[in-house]
Amino acid sequence: MPEDRGLVLIVEDEGSIVELERLYLTGAGYGVHVETDGRRALDAVRRLRPAAVVLDVGLPGMNGVEVCRTLRAEGDWTPVIFVTARDDEVDRILGIELGADDYITKPFSPREVVARLGAIIRRTAGTADAGVRRVGPVTLDPGRRSASVGERRVSLTATEFDLLAQLMARPEQVFAREQLLSLVWGIADYSSSRTVDVHVAQLRTKLGPDGAIIRTVRGVGYAVGQPDG
């Protein structure tokens, strides 16, 4: 049963990793449900509606990439943290483009998993009382966790939403990549600044031509404002 911080679905076929993650997550106040198979994981997400999913990429049968792709295609934007044995930037970028909210490589500290999950879940809950934000044709409703361009709804991952919400909260303010890593991801690993660039690129793609509201400030970072012209 979920505890006071919500239910986390662990999808992992290595028993020792499962038990370590379970130990630390339950100790942090989360409920934990475990699946070792991709198809059963999909059923669990649909049935249990977890607060977040810790998803191993290298599952037998239906792997984690396919699980995440299927969820997003169904319009399910439950926060997903990929876990993989490969430390390759191409893999990390692929994970983000598929709709993952974060990415951790093995071997990892279970404390890091707890910290990153906490950051994602806090961001998701913490925007509920914020007012609707508008810049040009782009509207963000933090209470409903919804985004739109004009009349068109835009599906965003939890991290994409929170990144855009951070930028739109202070139009025209320039945020350094390091600031955004701290504010949105809750980490200070500045070597991960490429992650910010990839998420911004994904946001621009999803917003279409109106993604031009997100301006690159060369050598610094990003800002949101009315596009020129």
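Remember, it's a predicted structure, so these values are computed and weren't measured experimentally. The figures that follow rest on heavy atoms only: side chains count, while hydrogens, waters and symmetry mates do not.
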message: Restricting to side chain to side chain contact (heavy atoms under 4.5 Å, CB included), what partner residues turn up for E14, sequence neighbours left out?
response: E12, I17, K106

- prompt: Which heavy atom in A100 sits nearest to a heavy atom in C68, and how many Å separate them?
  reply: N-SG, 4.0 Å

- request: Decide if atom CZ of R46 counts as having more than 12 heavy atoms of other residues, nucleotides or ligands within a radius under 6.0 Å.
  value: yes

- request: Evaluate the side-chain proximity of W77 to L156: yes if any heavy-atom separation is below 4.5 Å, no if none is.
  value: no

field: Atom pair CZ/CG of R204 and L207 - distance to nearest 0.5 Å
entry: 10.0 Å

query: Should the pair D162-R145 be classified as a salt bridge under the 4.0 Å nitrogen-to-oxygen rule?
result: yes

- request: Kindly say whether D102 contributes a backbone atom to a donor-acceptor pair with the side chain of R116 at under 3.5 angstrom?
  value: no

field: Partner residues of T78 under the side chain to side chain donor-acceptor pair (under 3.5 Å) criterion, sequence neighbours left out
entry: D76

message: Run the side chain to side chain donor-acceptor pair (under 3.5 Å) test against E35 and tell me which residues pass, sequence neighbours left out.
response: H33, R40

query: Between D101 and R72, is there a salt bridge with N-O shorter than 4.0 Å?
result: yes

Sub-4.5 Å side-chain heavy-atom contact between V11 and V54: no

field: E66 side-chain N/O to N63 backbone N/O, donor-acceptor pair under 3.5 Å
entry: yes

task: Check whether any side-chain heavy atom of T159 lies under 4.5 Å from a side-chain heavy atom of P79, and answer yes or no.
output: no

query: Could you state the interatomic distance from CZ (F161) to CG (L140), rounded to the nearest 0.5 Å?
result: 4.0 Å

message: Minimum heavy-atom separation for V132 and P142, please, with both atom names.
response: CA-CD, 4.1 Å

- line: Minimal heavy-atom distance between V32 and V34, with the atoms involved, is CG1-CG2, 3.9 Å

- prompt: Taking all atoms of both residues into account, what is the closest heavy-atom pair of D37 and R39, and its distance?
  reply: OD2-N, 2.9 Å

- prompt: If we only count heavy atoms from C-beta on, is the V53 to I81 side-chain gap below 4.5 Å?
  reply: no

query: So, for P171 and V135, which heavy atoms are closest and what is the spacing to 0.1 Å?
result: CG-CG2, 4.2 Å

statement: Shortest non-hydrogen pair, D13 vs T36, comes out as CB-O, 3.9 Å

field: Interatomic distance, I104 atom CD1 to L55 atom CG [nearest 0.5 angstrom]
entry: 12.0 Å

- request: Check for a donor-acceptor pair, side chain of S148 on one end and backbone N or O of E151 on the other, with a separation under 3.5 Å.
  value: no

task: Linking directly or through intermediates, with side-chain heavy atoms under 4.5 Å: list the remaining ILVMFWY members grouped with V220, chain and number order.
output: V174, V217

- prompt: Is any side-chain heavy atom of R69 closer than 4.5 Å to a side-chain heavy atom of E74?
  reply: no

task: Find the distance between OH (Y222) and CG (L163) and round it off to the nearest 0.5 Å.
output: 9.0 Å

message: Determine whether R153 and D141 satisfy the following criterion, salt bridge (Lys or Arg N to Asp or Glu O under 4.0 Å), listing intermediate values before the conclusion.
response: CA-CA 11 Å; R153 287 287 298 273; D141 186 337; over 6 Å; no

Student check: side-chain heavy atoms of R152 and V154 closer than 4.5 Å: yes

field: Heavy-atom check, side chain of V83 versus side chain of V57, under 4.5 Å
entry: no

- prompt: Between the main-chain N or O of V18 and the side-chain N or O of E21, is there a donor-acceptor pair closer than 3.5 Å?
  reply: no

message: How long is the straight-line distance from CD1 of I10 back to CZ of R22, given to the nearest 0.5 Å?
response: 6.5 Å

Test log, rule side chain to side chain contact (heavy atoms under 4.5 Å, CB included), inputs V224 and E172: CA-CA 5 Å; V224 155; E172 304 299 340; over 6 Å; no

message: Please check if the number of heavy atoms outside R111 that lie under 6.0 Å from its CZ is greater than 12.
response: no

task: Just jot down the side chain to side chain donor-acceptor pair (under 3.5 Å) partners of Q173, sequence neighbours excluded, or say none.
output: none

Side chain to side chain contact (heavy atoms under 4.5 Å, CB included) partners for P110, two or more places apart: L20, Y24

field: 4.5 Å side-chain heavy-atom contact, R133 and L164
entry: no

- prompt: Atom CG of L117 and atom CD of E112: how far apart are they, to the nearest 0.5 Å?
  reply: 10.5 Å

message: Would L167 and L180 count as a side chain to side chain contact (heavy atoms under 4.5 Å, CB included) here? Give the steps.
response: CA-CA 9 Å; L167 291 167; L180 292 170; 4.2 Å; yes

